[in-house]
Amino acid sequence: MSTLKAVRGTRDLLPPETELWNFVEETARRVFARYNFGEIRTPVFEDTQLFARGVGEETDIVSKEMYTWEDRARAQSEKAQSLTLRPENTAGVVRAYIEHKLGETGLLQKLYYIGPQFRRERPQKGRYRQFYQIGAEVIGPPSAGSESPLRDAEVLEMLATLLDELGITGWHLEINSVGSAMDRPRYVAALREALGPVKHLMCEDNQRRAETNPLRVLDSKDPGDQEIIDKLPKIADFLDESSKAHFAAVCAALNACGVPYTVNPRLVRGLDYYTRTTFEFTHGGLGAQNALLGGGRYDGLSEIIGGPKAPGIGFAMGEDRLILTLEAQAAARTNLADAYVAPMGEGLNPAALKLARELRRAGLRVELGDGGFRLKKSFEMGNKLARKIVLFGEDEQQSGILTVKDFASGEQVKVPRADIVPVLRK
RNA sequence: GCGGCUAUAGUUCAGCGGCAGAACGCCUGACUGUGGCUCAGGAUGUCGUGGGUUCGAUCCCCACUAGCCGCCCCA
């Protein structure tokens, strides 16, 4: 019988790597808090219809990458419900916004989430079937200013700050506008028209895209097709006046606060709900999966899933990939305990636990050895696990004077038990 | 979903149709209340799983599974 393993595309996160995950999440929470975002936690599974309608029936995510199953009907009168593990979190947040009538507050809702998402894709480095995203959404009624380009710029500025505080160097921001819900169909129609006579000259993939999703032709990497792509209509020429002004205002605000970016007229996003501003932060050294995070504005999403008019903008950051770049950038951090308490003799174990308890209650990070170890072994273990060792033998117990040795300096001192905490803290 | 590469000790990897190897790590001792460095010794294992070829397979062949890389797509 084969041994049980984590299923394909899932994995365990173990120390010390989890230290890095906590660092990322704590940093994100700290930064979001400064912008007055609050945390939202939505269920990991939802009615399949939410994603089908919200994300778009025709997207790959919905058509072939979802974990979907029929829930059991509890009674004969009840129909089995189709449920799906969330492939992304924006639809869930907007559903919660509608369900709890958050628009009725008249205020902008600024919500962030941190949690697992699920897509049934072929696993690769930085791409897992259970993956983790950190994201945030700014959503609200138009009267609260939810359509303002200032919101877009503020979110982008916040992300630049977050990446800086995470210590990510060399990130790159690309932005674009895909126009309003009215502009986009006009542009897609023009694209189809322009592609008609030339698509047979392009690679197989692009011929297929020209049919199924012409927008995707734009970010094709095929070198032979670049010349044709460059001559295709630009979406910027199809934006109405208000979309143009909106995008210009986003850029102006970014310029004002010195956040570097480039406008990429080919940046289209895969999800159907995006309108106007779209953006992506990328990082080299991630191979083909070079996007650290992406997002955009979704002025019509709430209405698509049956809610009130509630324009919004948000992003999702791939935490797995972020960790990869951090690991590549920084040497693995060692996490030594402050002290290794070494009882010398099994009879001293209970008293050693009491000592360790006192030190831990004082806030120290403490490893506790075992009186069954020989002294040499205590030192070997202590040297691997902690910065200092505290010897606790008969002498020490009776005299109340503890022996402390610093592994780095080799210095050894005798310290009265009452004074030990500051010595260990050094 | 498609293509390529890979799978051997705790880890990183070498290797060969005929008893399974190295380095690091681990254990023991030199050193019985003193770690790191050094030296001497020791144990590593269903060679991913299942079939096939063969006197004999860890090695060759097939399938499966998993990982990595790329494609599709996407954060």
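For the numbers below, each heavy atom of this structure counts, side chains included, while hydrogens, waters and symmetry mates do not. Source: prediction; values computed, not measured.
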Applied to residues 159-180 of chain A, the ring-ring contact (aromatic ring centres under 6.0 Å, His included) test, sequence neighbours excluded, yields A:Trp171-A:Phe281
Q: Show your working on ring pair (Phe, Tyr, Trp, His ring centres under 6.0 Å) between A:Phe37 and A:Tyr112 and close with a plain yes or no.
A: CA-CA 6 Å; A:Phe37 277 69; A:Tyr112 76 87; 7.3 Å; no
When rounded to whole Å, the CD to P distance for the pair A:Glu280 and B:C74 reads 11 Å
Parallel, tilted or perpendicular, as decided by the 30° and 60° cut-offs, for the rings of A:Tyr298 and A:Tyr273:
perpendicular
B:G48 to B:G67 separation - C1' atoms, rounded to the nearest Å: 11 Å
We want to know whether A:Thr161 and A:Asp164 form a side-chain donor-acceptor pair, criterion being a heavy-atom distance below 3.5 angstrom.
no
query: Contact class for A:Gly294 vs. all strands (heavy atom < 4.0 Å): base, sugar-phosphate, or nothing?
result: sugar-phosphate
query: NA contact type, A:Glu394, heavy-atom cut-off 4.0 Å: base, sugar-phosphate, or nothing?
result: nothing
With sequence neighbours left out, the residues meeting ring-ring contact (aromatic ring centres under 6.0 Å, His included) with A:Phe238 are A:Tyr187
Give a yes/no on whether any side-chain N or O of A:Arg374 is located under 4.0 angstrom from OP1 or OP2 of B:G29. yes
From OH of A:Tyr340 across to C1' of B:G35 the rounded distance in Å is 11 Å
Between B:U46 and B:G36, how far apart are the two P atoms, rounded to whole Å? 31 Å
Per the glycosidic torsion and the 90° limit around 0, nucleotide B:C19 is syn
A:His246 (side chain) donor-acceptor with A:Glu147 (main chain) under 3.5 angstrom
yes
Practice task
Verify the contact: side-chain N or O of A:Lys377 to OP1 or OP2 of B:G29, cut-off strictly under 4.0 Å; return yes or no.
Solution key: no
Exercise. Report which part of the nucleic acid A:Lys384 touches: base, sugar-phosphate, or nothing (heavy-atom distance under 4.0 Å, all strands).
Key: sugar-phosphate
5'-most contact on RNA chain B (nearest-nucleotide basis), A:Lys414 vs A:Tyr128, goes to A:Lys414
In whole angstroms, the gap separating P of B:A66 from NZ of A:Lys125 amounts to 19 Å
Margin query: Just to be sure I understand the rule, does A:Leu293 reach a base, reach only the sugar-phosphate, or reach nothing, if contact means heavy atoms closer than 4.0 Å?
Written below: sugar-phosphate
Shorter than 3.5 Å, N or O on both sides, protein versus nucleotides 1-7 of chain B: list them out with atom names.
unit_1, atom_1, unit_2, atom_2, d
B:C2, N4, A:Arg122, NH1, 3.3

Could you tell me how far B:U6 sits from B:A75 if I compare only their C1' atoms? Round to whole Å.
28 Å
Original post:
What does A:Gly345 touch in the nucleic acid at a heavy-atom separation under 4.0 angstrom: a base, only the sugar-phosphate, or nothing?
Top reply: nothing
Quiz item: What does A:Ala408 touch in the nucleic acid at a heavy-atom separation under 4.0 angstrom: a base, only the sugar-phosphate, or nothing?
Solution: base
In whole angstroms, the gap separating P of B:C74 from CZ of A:Arg86 amounts to 21 Å
- Task: State whether the distance check finds a donor on one side and an acceptor on the other, under 3.5 Å, for side chain A:Lys376 versus base B:U34.
- Result: no
Rounded to whole Å, CD of A:Gln398 lies from P of B:G33 at a distance of 17 Å
Between B:A57 and B:C16, how far is it from one C1' atom to the other, in whole Å?
11 Å
Separation of B:U65 atom C1' from A:Lys5 atom NZ, nearest Å, is 7 Å
Note to self: Suppose we call a contact any N or O donor and acceptor under 3.5 Å apart; does that hold for the side chain of A:Gln412 and the base of B:G35?
What the structure shows: no
Quick note, A:Arg8 side chain, CB onward, closest among B:C73, B:G35, B:G67 is B:G67
Identify all side-chain donor-acceptor contacts of residues 42-51 of chain A below 3.5 Å with residues at least two apart in sequence or on another chain.
unit_1, atom_1, unit_2, atom_2, d
A:Thr42, OG1, A:Arg86, NH1, 3.4
A:Thr42, OG1, A:Asn89, OD1, 3.0
A:Glu46, OE1, A:Arg95, NH1, 2.8
A:Glu46, OE2, A:Arg95, NH1, 2.6
A:Asp47, OD1, A:Gln49, N, 2.9
A:Asp47, OD2, A:Gln81, NE2, 3.1
A:Thr48, OG1, A:Ser82, O, 3.0
A:Thr48, OG1, A:Ser82, OG, 2.7
A:Thr48, OG1, A:Leu83, N, 3.3
A:Thr48, OG1, A:Leu83, O, 3.4
A:Thr48, OG1, A:Thr84, OG1, 2.7

| said: Any base atoms under 4.0 Å from A:Phe131, or only sugar-phosphate, or nothing? Heavy atoms, all strands. | reply: base
From CG of A:Leu14 across to P of B:U11 the rounded distance in Å is 12 Å
Between A:Gly145 and A:Leu108, the two heavy atoms sitting closest are C-CD1, 4.3 Å
Query - Donor-acceptor under 3.5 Å (A:Arg129 side chain, A:Glu121 main chain) - result: yes
message = Under a 3.5 Å threshold, yes or no: a donor from one side chain and an acceptor from the other, between A:Tyr132 and A:Gln130?
response = yes
So the ring-ring contact (aromatic ring centres under 6.0 Å, His included) pairs with at least one residue in residues 385-426 of chain A (sequence neighbours excluded) are none
From the candidates B:G33, B:C68, B:G29, the one with an atom nearest any side-chain atom of A:Asp395 is B:G33
P atom, B:C59 versus B:C47: distance in rounded Å?
10 Å
note: A:Phe407, atom CZ; B:G35, atom P; distance rounded to Å ~ 10 Å
So what does A:Gly135 touch, heavy atoms closer than 4.0 Å: a base, only the sugar-phosphate, or nothing? nothing
Of A:Glu396 and A:Val7, the one whose closest nucleotide on RNA chain B sits nearer the 5' end is A:Glu396
Margin query: Please report the distance separating the P of B:C26 from the corresponding atom of B:C19, rounded so that it comes out in whole Å.
Written below: 31 Å
Pairing string of RNA chain B (Watson-Crick or G-U wobble, both atom distances under 3.5 Å; | = paired to other strand) is (((((((..((((....[..)))).(((((.......))))).....(((((..]....))))))))))))....
A:Glu396-A:Thr403 side chain donor-acceptor pair, cut-off 3.5 Å: yes
Within the 4.0 Å heavy-atom criterion, would you say A:Ile389 contacts the bases, only the backbone, or no part of the nucleic acid?
nothing
The nucleotide from B:G33, B:U34, B:G35 with an atom nearest the side chain of A:Met344 is B:G33
